[in-house]
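The structure appears right after this line, and notes come after that.
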Amino acid sequence: MKDNEKNTETHQDLFDRRWVRLGLFIVVPAMIFALICVGIRVSQYGIDHTIVVLGQRQLLADSHAAIRVTLIADGEGFFQPERITGHLVRGKNRYPLFDGAVHDAGYALARNFEVPQISAGPAILELDIRFDEKRRIVRANVEVTTEPPAKHLTVPSDVKLDDIKISVGAAGDFVQALTEDRGAPTGLSSVVFLRTVNSTGEPVSIPLELGIPGAGLSSEMTREEQRTDNLGLTALMVKPVDLDYPIKVGEEHLFPRVVYGGLNAMVHNPMASQNEAVKVNVRQITRGGPIYADLFHRGRWIHASSDWVSGDGSARLTLQPRVTGPVRLQLTNSALGPGKSVAVRHLYILDKGEDFNDGLRAVLGMLKGKDDGPWARAVLSRSLESGVGFDRRLLAAFSLSRLYAGHHVVERLISSRSEDDAELSEFKTGIQRAVMLIILLLGIAVAVVIGLISSRSRQTQERITMMIMNNCEDDGPSSGNETVPSRGSRARAVLQGLAILLIIVGAFASIAILIDTMSWGN
């Protein structure tokens, strides 16, 4: 009797249980839906800006330095941050460099700072940049040195530094036409120096009959007679309209260097005292836009600033270098560094106790070219104090112009886009793998539950069959055989269960593989 009660005990099927149906029909689909939403949201993540930091890898300890930071928004162009903070980091030590709101002109901000007096070795330049309610911290590896870095200058491909000279007169004298910077820019007024020397390269004063090309596209030549001074110098204002700009000297022609680029600068006082403001007038072909000014001293970038060019293409800059000796001024209208649109001027900042003549002698002592060396030595052998027979300011402007040997292209310490894209790709890949793993685990869990449901259903069916057979035995003679499920039916049940498991796991694996092969980029 007890066996019959045990056999007739009702067993609730697993599929009939509420929590099983709730899990299979609500929780699992909701989880898959949530994972797909996570995937879609993560696929929309992207970097919409690039941060470019120009600077120098080598920073001289206890000296001046500068950087320029440019932010570029995708599809919108340049914009400036709201605030920037800089530190130099070495180990646990953090040395503050600058901090403050941004009020720079142009499309890039400049920061000038003092490198702390620390020992030579590697360090990290860390910038905390805030913009559009965002905060980015970017870092660059730099090296602090105790010796000035080597000077590396670039000469544009359209410039040849060798200047020809032609013979004038019957005494074997020569004349050269020499420009400031890389050449006289087309479309803008600039200075061309004429220098006359004898066969040994020493200065001579001789008269010159000049034919200067007319303004614009006019083919007429303006006739002038000039005489070079006792140092063999005179100057002309020219405005080339093309790369071919012949200046007629007697029956011969001189061709000063002429370049495209549309940027020029006139320095009022290229030889100034340390506390004196240096004034620069800038002219460019482009009407309006920014202009960026950089000062270099002994191979180092020591000062950066910017201003706006007015509607007539002009700008007036005031600079006050905080160093002494020769300084190179570079002007460009590119926020990302000078290319061919660059103007270079040289200054000399007098130290305490130095006077104008001391500065002249220092600059002349730097001239060592095959044409400049003999001329400079001859000038140094003369008395410069009186200035009789020559203009000392013309001598200063010409001597400084002969220091041109190219311009400095500063390094890109940081260009954040490639690093940002790599970091974002790594993040998306991690999310992708996590989603795939969770979906696979869900598939296995669902397969196990359905397998259990199938097993319980088979057991329930066997019990019902056994109960029916037992009732038949009570009504009739016993055959002596127990009702036992056949091995074939069990094998079929096992095969069916495995098929269901494979189908379910295969379906979830297909979803996971689909997600794994999705394009997660924007």
Side-chain angles (χ1 to χ4, degrees), residues 151 161-181 191-208 210 225-236 247 249-250 252 254 256-257 267-274 276 278 297-298 323-328 344-405:
K151 181 169 61 175
L161 296 183
D162 293 333
D163 297 284
I164 65 170
K165 55 185 179 181
I166 62 174
S167 177
V168 290
D173 297 327
F174 298 90
V175 62
Q176 288 176 294
L178 306 170
T179 64
E180 292 185 295
D181 190 10
V191 175
V192 169
F193 299 101
L194 298 181
R195 178 173 63 181
T196 52
V197 294
N198 60 21
S199 58
T200 62
E202 296 181 352
V204 293
S205 175
I206 59 175
L208 298 174
L210 305 175
E225 290 188 4
Q226 291 199 22
R227 185 182 187 92
T228 56
D229 63 17
N230 287 346
L231 301 183
L233 299 177
T234 189
L236 306 173
I247 297 178
V249 183
E252 302 288 338
L254 280 174
R257 294 197 304 263
V267 183
H268 292 268
N269 49 336
M271 193 167 291
S273 62
Q274 190 172 11
E276 183 181 355
V278 177
H297 179 251
R298 298 175 65 191
V323 295
T324 58
V327 176
R328 186 173 65 259
V344 177
R345 295 293 182 269
H346 285 84
L347 319 173
Y348 189 88
I349 309 303
L350 301 170
D351 200 354
K352 292 180 179 179
E354 270 190 311
D355 62 15
F356 197 88
N357 287 328
D358 294 329
L360 283 175
R361 294 183 180 281
V363 174
L364 288 167
M366 301 176 197
L367 303 182
K368 303 181 184 301
K370 64 179 182 180
D371 290 331
D372 294 327
W375 175 84
R377 288 191 292 272
V379 173
L380 282 171
S381 66
R382 304 185 181 189
S383 174
L384 302 179
E385 283 72 12
S386 62
V388 176
F390 65 92
D391 185 342
R392 290 191 301 174
R393 293 193 176 276
L394 173 61
L395 172 61
F398 174 77
S399 301
L400 287 167
S401 73
R402 299 307 295 159
L403 295 177
Y404 175 77

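Taking CG from L400 and CG from L395, the interatomic distance works out to 9.0 Å, rounded to the nearest 0.5 Å. One finds the CG atom of D173 at 12.0 Å from the CD1 atom of I166 (value rounded to the nearest 0.5 Å). Atoms CG and CG, on N357 and L384 in that order, are 5.5 Å from each other to the nearest 0.5 Å. If you take CE on M271 and CZ on F356, they are separated by 5.0 Å, rounding to the nearest 0.5 Å. In this structure, Q274 CD and K352 NZ are separated by 7.0 Å, a value rounded to the nearest 0.5 Å.
Judged as a side-chain contact (heavy atoms from CB on, under 4.5 Å), and not counting sequence neighbours, the contacts of A362 are Y348. By the salt bridge (charged side-chain N to carboxylate O under 4.0 Å, His left out) test, R392 pairs with no residue at all, sequence neighbours left out. Listed by chain and number, the residues in a side-chain contact (heavy atoms from CB on, under 4.5 Å) with T234 are L194, Q226, T228 (sequence neighbours excluded). In terms of the side chain to side chain donor-acceptor pair (under 3.5 Å) criterion, S167 has no residue partners (sequence neighbours excluded). The salt bridge (charged side-chain N to carboxylate O under 4.0 Å, His left out) test applied to E385 returns R361, not counting sequence neighbours. Listed by chain and number, the residues in a side-chain contact (heavy atoms from CB on, under 4.5 Å) with L394 are F193, D229, L233, A235, D391 (sequence neighbours excluded). The side chain to side chain donor-acceptor pair (under 3.5 Å) check on D351 picks up nothing, with sequence neighbours excluded. Among residues two or more places apart in sequence or in another chain, the side chain to side chain donor-acceptor pair (under 3.5 Å) test is passed with S401 by none. By the side chain to side chain donor-acceptor pair (under 3.5 Å) test, T200 pairs with N198, sequence neighbours left out.
Across all non-hydrogen atoms, the minimal contact from I349 to V323 is CG2-O, 3.1 Å. In terms of heavy atoms, P256 sits closest to I247 at CG-CD1, 4.0 Å. The nearest pair of heavy atoms linking H346 to P270 is O-CB, 3.9 Å.
Among pairs with a residue in residues 362-383, those fulfilling salt bridge (charged side-chain N to carboxylate O under 4.0 Å, His left out) read K165-D371, R195-D372, D372-R402, at least two apart in sequence or across chains. The ring pair (Phe, Tyr, Trp, His ring centres under 6.0 Å) contacts involving residues 360-390 comprise W375-F398, where partners must be two or more places apart or lie in separate chains.
No donor-acceptor pair closer than 3.5 Å links the side chain of S399 to the backbone N or O of A396. Checking side-chain atoms of H297 against main-chain N and O of R328 turns up no donor-acceptor pair under 3.5 Å. R257 places a side-chain N or O within 3.5 Å of a backbone atom of D181 that can act as its donor or acceptor partner.
For the pair E252/V168, no side-chain contact is recorded, criterion being any heavy-atom separation below 4.5 Å from C-beta on.
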